[in-house]
Amino acid sequence: MADQELEELTGTETPRLTPLETLRHSTAHVMAGAVKRLFPEAKVTIGPAIEGGFYYDFDVARPFDDEDLALIEAEMKVIIDANHTFERAELSRDDARARFAAAGETYKVELLDAIAPDTVITTYRSGDFTDLCRGPHVGSTGEVKAFKLISVAGAYWRGDERNRMLQRIYGTAFFDRKALAEHLHRLEEAKRRDHRKLGQALDLFSINETIGGGLVLWHPKGARVRYLTEQYWREEHFANGYELVYSPHIARDDLWKTSGHLTFYRENMFAGMDVDGKEYLVKPMNCPFHVTIFKHGLRSYRELPLRMAELGTVYRYERSGVLHGLLRVRGFTQDDAHIFMRRDQLADELQRTLSFCLHILRTFGFTEFKLYLATRPEKFVGEISQWDEAEAALYEALRVSGIEYEVDAGGGAFYGPKIDLKLRDAIGREWQCSTIQVDFNLPERFDLTYVGDDGAKHRVVMLHRALLGSVERFFAVLVEHYAGAFPLWLAPLQARVITISEKQEEWAREVCAHLVALGLRVETDLSPDKLGAKIRRAQLEKIPYMLVVGDKEVAERTAAPRARDGKQTEARPLEELGRWLMEEARIPRGGVAREAAAGTTTA
RNA sequence: GCCACCGUAGCUCAGUGGUAGAGCAACGGUUUCGUAAACCGUAGGUCGUCAGUUCAAUCCUGACCGGUGGCUCCA
């Protein structure tokens, strides 16, 4: 929301700031005042409240460093202690322009010139700092009690890379120290859960320089989680009326011409390759292949809806600076599907798709969702009546789901309206994974038709959807949601049999073999280390269960489970142990069987 | 791609203008132990790459490669 303040100033929107946003925005003013005192030559630009805090962008000769941040914080405390009131003043446009121009605040002049003609121009003064600003603010600087500057980063003026790079200082503020401490704690917690760190620590995956940025190597443990995810996904798709397909990684340029990708998506596609004098390109999307499968023969209305799904690996060129762990990569696998149907089937199909989506996500332990409907943009293909119909169907699907939603009017793609779904993770962060999009474009481009009951050909309506989004991103979200402590059904290793001394080796092997034969993922730790060391190791690997075997267990033909949350339970006879673990490891389809992120906070 | 910061052993990290250390892991041995770290030893690094400055560069300078935080974009 870099334009938030800009919008306020230009009067294009009138968002009332919440009390917390007001505080944060006021803190941004205090910070700007401190910066101007310490760096008089700095030019101020904008400083809005954002989710989690605020920022202010400055044009300075030299970038800020951490020492500067400390100095600025100290100066802010001086301003806060002085308890200056925020004084609002109205002034004429010319007066304002003259003042800011005289002060050398060229960015403010630019903002001023963008303000709608009949808007009242206001400034806010706190102590020696006056800023062009619509407000509101808190009463005085003394009301800023709990704040912290977080980081510095480069940011382009008005977010446009052709403009000058400014220095952005991020900070946060709360009404009391406790809330600030909690916020900082959450940031720490997010760091602790970072999938890149856990990916390394738990040996799940890596990204290797020699292979290339944004290209993922799945190590055995990560690959196991992925396999389990995909297997579950496949089973559910078969059980819900989908057919699975496979398509190649490259295709001739003709396909991409027809689909329009070569005109609209070329920037994100890897360079083509010459094969026998024909150009081939690596696929950035799966749709053209599925469409081609659909077109393979005449389709009857009786076959529709035809649901075609694929875990399709695509490659997209992303600028090096945006690559980020598994969340933003250059090669990834979409859990893609395309649904071909009659126009009259759209409403039902949307509801069905959304509910299927929620069912899958709940299985993985997510319980809170938010939906976003993006409607017809200015530039669009197809007829308005078609759009209206589709949007009505989308609204109905949203309503039926019973989940909170927001409408992004005009935010749809040119080819159709869509629903995006964000899920909330264990520490309250939102992640966008699922998307359900209506497409009026490809059916035209590829001339997709079916034969109706009237014997005539009719245009197909098409739906794209991805539930997990990309397997890579979803895996990263899972890692962070569970802090690496996967639920039993997804854990790469479900249990480790731990001996106390080498006397129990034989029984430990037997216990392990029995459980493995049941299909459980179990191994033994027969090393000569002490029990405590073995427990510690298993604990660090976040293995759900440790099965301790000492002389007593050998004599009784049992094993003593210790859960990774530290809970120890009675030793159980081997057969019973197996039955119990099998029951625990069942896939919680639809999330009914088990609590979402139980036990993850202690891990 | 742009701005800032970072790159030392498999991992986590010290360190210095005179070519390098710790802990963990690995390997060898001793110990056979009841719920988060037993002990001893061995091995392991052209200090991201390439240039430059210097008698001498892991350290200073530059370029490049890669990573991190942002900007922009997005699954």
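So that the names make sense, note that chain A is the first sequence line, chain B the second, and so on, each numbered from 1. Heavy-atom basis, side chains included; hydrogens, waters and symmetry copies ignored.
Spacing between atom CG of L327(A) and atom C1' of C74(B) amounts to 11 Å, rounded to whole angstrom units. Atom CD1 in I436(A) sits roughly 14 Å away from atom P in A75(B) (whole-Å rounding). In this entry the distance linking CZ of R564(A) with C1' of A36(B) reads 15 Å, nearest Å. At whole-Å resolution of the value, CD1 in I500(A) and P in A36(B) are 12 Å apart. Taking atom CZ of R316(A) as the reference point, atom P of G1(B) lies 20 Å away to the nearest angstrom. Regarding L540(A), its CG atom lies at a distance of 13 Å from the C1' atom of U12(B), rounded to whole Å. Atom pair N163(A):CG and C3(B):P shows a separation of 15 Å (rounding to whole Å applied). Computed from coordinates, the L149(A) CG to G69(B) C1' distance equals 15 Å when rounded to whole Å.
Listed nucleotides A37(B), C65(B), A75(B) differ in distance to E209(A); the shortest reach to its side chain belongs to C65(B). In the set G69(B), U31(B), G34(B), the nucleotide with an atom closest to the side chain of P528(A) is U31(B). Closest to the S501(A) side chain, of the nucleotides U32(B), U35(B), A37(B), is U32(B). Ranking G70(B), G34(B), G1(B) by closeness to the Y156(A) side chain, first place goes to G1(B). Comparing atom distances between the A560(A) side chain and each of U68(B), C74(B), U35(B) picks out U35(B) as nearest. Closest to the M165(A) side chain, of the nucleotides G69(B), C71(B), C2(B), is C2(B). Comparing C3(B), A75(B), U35(B) by their closest approach to the side chain of V548(A) singles out U35(B). Listed nucleotides: G1(B), A75(B), U35(B). Nearest to the side chain of Q568(A): U35(B). Relative to the side chain of Q334(A), the nucleotides U35(B), A75(B), C2(B) differ in distance, and A75(B) lies closest.
Pairing of A37(B), defined by two Watson-Crick or G-U wobble distances under 3.5 Å, is not identified with any nucleotide. Across all strands shown, U19(B) remains unpaired; no Watson-Crick or G-U wobble contact has both distances below 3.5 Å. With a cut-off of 3.5 Å on both pairing distances, the Watson-Crick or G-U wobble partner of C5(B) is G67(B).
Under the 4.0 Å criterion applied to side-chain N and carboxylate O atoms, D160(A) and R158(A) are not assigned as salt-bridge partners. One finds no salt bridge joining R192(A) and E188(A) here, because no Lys/Arg side-chain nitrogen approaches an Asp/Glu carboxylate oxygen to under 4.0 Å. A salt bridge links R168(A) to D57(A): at least one charged side-chain nitrogen sits closer than 4.0 Å to a carboxylate oxygen. Salt-bridge formation is detected for the pair R537(A)/D529(A): a Lys NZ or Arg NE/NH1/NH2 atom is positioned less than 4.0 Å from an Asp or Glu carboxylate oxygen. R330(A) and E318(A) are not joined by a salt bridge, as no carboxylate oxygen comes within less than 4.0 angstrom of a charged side-chain nitrogen.
Contact check, R164(A) against C71(B): no side-chain N or O comes under 4.0 Å of OP1 or OP2. At A36(B), one or more side-chain N or O atoms of R562(A) fall inside 4.0 Å of OP1 or OP2 (strictly under the cut-off). Contact check, R536(A) against U35(B): no side-chain N or O comes under 4.0 Å of OP1 or OP2. For K503(A), a side-chain nitrogen or oxygen approaches OP1 or OP2 of C33(B) to under 4.0 Å. For H324(A), a side-chain nitrogen or oxygen approaches OP1 or OP2 of G69(B) to under 4.0 Å. Proximity of Y170(A) to the phosphate of C71(B): a side-chain N or O atom is located under 4.0 Å from OP1 or OP2.
Looking only at atom types and distance, the side chain of E480(A) has no donor-acceptor partner in the side chain of W431(A) under 3.5 Å away.
Ring centroids of Y415(A) and F380(A) are separated by 6.0 Å or more, keeping the two rings apart.
Heavy-atom nearest nucleotides on RNA chain B were determined for Q437(A) and for R196(A), and the one closer to the 5' end corresponds to R196(A).
The base of A37(B) does not come close enough to the side chain of Q539(A) for any donor and acceptor atom to sit less than 3.5 Å apart. Residue R319(A) places no side-chain atom within donor-acceptor reach of the base of C73(B), judged by atom type and a 3.5 Å distance cut-off alone.
For F332(A) and A75(B), the ring-to-base geometry satisfies the stacking test (centroid distance below 5.5 Å, interplanar angle below 30°).
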